[in-house]
Amino acid sequence: ARQAIALPSNVAFNAAVFNAVSASHELAPALLTLGTNLSYGFLWNEIRAKRGAYGARAHYSLTNAAFSFSTYRDPCVTESLATFAQVFDHVTDTMDLSKENVEQAVIGVVKNIDRPIRPAMAVETALTRHLHGITNEMRKLFRDRLLRLTGKQILKAVDEVLRPAFEKAAVCVVSSQAK
């Protein structure tokens with residue numbers, strides 16, 4: 001579950017990946033929304049702005065039922081891994097989960113899932129949906145849940161899905177031997 005790959009580098013690439021819930025689960029829209037919100041909010045501020053990494057991301061994979069945190073070109077290892085663990089307290093203690101803020105976060109997610117795609121990407125998307133058995137009915141149900149998302153559901157997703165699963169996260173760091 002813990003892996004390090006040493007190479008001559010002054011920066012690190014850090015990742016933590018753990019099980020979440022399937023896309024058909026009632027809390028899946030909360031996870032997708034959290035991934036987007038944390039990437040452009042908490043992780044960006046803590047890892048990119050304060051510590052100088054080129055990037056940080058939280059991501060929920062609808063097709064793999066997994067949630068991940070990652071950084072790239074990151075001068076820090078232990079601090080970034082600790083920041084991943086702080087995400088849950090940030091959400092429950094300080095994140096603004098007002099109706100207005102959740103609505104804005106949902107708009108950001110819908111913008112990504114409804115974006116126009118080129119023909120080659122359309123073929124890839126259709127194949128992925130076919131291979132994973134994703135029907136139009138399932139997509140509609142997910143979208144309906146996303147549009148009704150509340151702050152309470154986000155808190156529930158953190159407490160019932162993410163926080164317990166994070167303890168068993170697979171962690172990988174690619175950096176110098178010294179880091």
Side-chain angles (χ1 to χ4, degrees), residues 15-49 55-72 80-117 121-122 124-170:
V17 181
F18 47 101
N19 291 328
V21 294
S22 71
S24 62
H25 193 280
E26 67 177 334
L27 296 175
L31 298 178
L32 187 63
T33 304
L34 262 174
T36 301
N37 191 283
L38 291 168
S39 294
Y40 295 113
F42 181 73
L43 292 177
W44 179 268
N45 290 333
E46 295 299 314
I47 294 174
R48 170 72 173 109
R57 182 178 188 213
H59 177 71
Y60 169 60
S61 172
L62 289 162
T63 55
N64 296 318
F67 200 91
S68 62
F69 299 117
S70 60
T71 68
Y72 63 94
S80 293
L81 296 177
T83 300
F84 296 164
Q86 294 166 3
V87 161
F88 313 115
D89 288 337
H90 163 71
V91 174
T92 58
D93 298 342
T94 61
M95 183 180 268
D96 181 355
L97 295 173
S98 66
K99 182 179 180 187
E100 296 78 21
N101 264 20
V102 171
E103 189 175 282
Q104 287 299 313
V106 167
I107 289 169
V109 171
V110 169
K111 174 185 76 163
N112 286 332
I113 63 176
D114 282 352
R115 70 183 190 279
I117 56 176
M121 186 65 170
E124 181 180 337
T125 300
L127 177 62
T128 299
R129 288 177 184 160
H130 173 73
L131 292 175
H132 290 276
I134 301 169
T135 66
N136 286 336
E137 292 78 19
M138 293 166 74
R139 293 177 59 233
K140 182 179 180 340
L141 178 60
F142 181 88
R143 184 180 182 74
D144 290 345
R145 286 176 174 162
L146 177 62
L147 294 175
R148 291 191 314 267
L149 185 65
T150 66
K152 287 181 182 180
Q153 290 170 309
I154 290 172
L155 291 173
K156 185 176 179 181
V158 167
D159 290 337
E160 293 182 12
V161 178
L162 298 182
R163 195 184 303 260
F166 182 72
E167 295 174 13
K168 298 176 185 170

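When a residue number appears, it is its place in the shown sequence, counting from 1.
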Engineer: For residues Gly55 and Ile47, report the shortest heavy-atom separation together with the two atoms involved.
Structural biologist: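 Smallest interatomic distance, heavy atoms only, reads O-CG2, 4.4 Å.
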Engineer: Is it the case that the side chain of Tyr60 and the backbone of Pro29 share a donor-acceptor pair, with hydrogens and angles ignored and the cut-off at 3.5 Å?
Structural biologist: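 Pair absent, no side-chain N/O of Tyr60 close to backbone of Pro29.
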Engineer: Could you tell me whether the side chain of Arg143 reaches within less than 4.5 Å of the side chain of Asp114, counting heavy atoms only?
Structural biologist: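 A side-chain contact under 4.5 Å exists here.
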Engineer: Distance from Leu43 atom CG to His90 atom NE2, nearest 0.5 Å?
Structural biologist: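 It is 8.5 Å, given to the nearest 0.5 Å.
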Engineer: Is there a side-chain contact between Met95 and Leu34 (heavy atoms, below 4.5 Å)?
Structural biologist: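 Contact flag for Met95/Leu34 side chains = yes.
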Engineer: Quick check: closest heavy atoms across Ala169 and Ala16, and the distance to 0.1 Å?
Structural biologist: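 Looking at all heavy atoms of both residues, the closest pair is CB-CB, 4.4 Å.
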Engineer: Roughly how far, to the nearest 0.5 Å, is OG of Ser22 from CG of Asn64?
Structural biologist: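 Here the interatomic distance stands at 12.0 Å.
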Engineer: Do Thr125 and Met121 have side chains that approach each other closer than 4.5 Å (heavy atoms only, starting at C-beta)?
Structural biologist: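 When only atoms from C-beta onward are counted, Met121 and Thr125 do touch, with a gap below 4.5 Å.
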Engineer: Within the structure provided, determine whether Val91 and Phe42 are in side-chain contact (heavy-atom separation under 4.5 Å).
Structural biologist: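 The answer is no, as the side chains (C-beta and beyond) never meet within the 4.5 Å cut-off.
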Engineer: At their closest point, which heavy atom of Gly133 faces which heavy atom of Met138, and how far apart are they?
Structural biologist: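 Looking at all heavy atoms of both residues, the closest pair is O-SD, 3.2 Å.
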Engineer: Surrounding OH of Tyr40 (heavy atoms of other residues, nucleotides or ligands, distance under 6.0 Å), is the total greater than 12?
Structural biologist: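 No, the 6.0 Å shell around OH holds no more than 12 heavy atoms from other groups.
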Engineer: Testing the basics here: between Leu38 and Val87, what is the closest heavy-atom pair and its distance to 0.1 Å?
Structural biologist: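 Nearest pair, atom of Leu38 first, then Val87: CD1-CG1, 3.4 Å.
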Engineer: What's the spacing between Leu32 CG and Asn112 CG if we round to 0.5 Å?
Structural biologist: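 It comes to 8.0 Å.
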Engineer: Where does the angle between the aromatic ring planes of Phe67 and Phe18 fall among parallel (under 30°), tilted (30 to 60°) and perpendicular (over 60°)?
Structural biologist: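 Correct class here is tilted.
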Engineer: Say whether, by atom type as modelled, one donor and one acceptor occur between the side chain of Thr71 and the main chain of Ala56 under 3.5 angstrom.
Structural biologist: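 Answer holds: no.
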Engineer: Identify the heavy atoms of Val109 and Thr33 that sit nearest to each other, and give their distance.
Structural biologist: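 So the two residues come closest at CG2-CA, 3.6 Å.
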Engineer: Kindly give the heavy-atom pair with the smallest separation between Ala165 and Asn19, and that separation in Å.
Structural biologist: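 Residues Ala165 and Asn19, closest heavy atoms: CB-O, 3.1 Å.
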Engineer: Are the side chains of Arg145 and Gln153 in touch, meaning some heavy atoms are under 4.5 Å apart?
Structural biologist: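 Of all side-chain heavy-atom pairs linking Gln153 with Arg145, none is under 4.5 Å.
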Engineer: Can you tell me how far CG of Leu149 sits from CG of Leu27, rounded to the nearest 0.5 angstrom?
Structural biologist: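 The CG atom of Leu27 sits 9.0 Å away from the CG atom of Leu149.
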Engineer: NZ/Lys156 to OG1/Thr150 distance, rounded to the nearest 0.5 angstrom?
Structural biologist: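 So the gap between those two atoms works out to 9.5 Å.
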Engineer: Are Arg163 and Thr92 packed together at the side-chain level, in the sense that at least one heavy-atom pair is separated by less than 4.5 angstrom?
Structural biologist: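 Yes, at least one pair of side-chain atoms sits under 4.5 Å.
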Engineer: Return the CZ to OG1 distance between Phe69 and Thr83, rounded to the nearest 0.5 Å.
Structural biologist: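 Taking CZ in Phe69 and OG1 in Thr83, the distance rounds to 10.5 Å.
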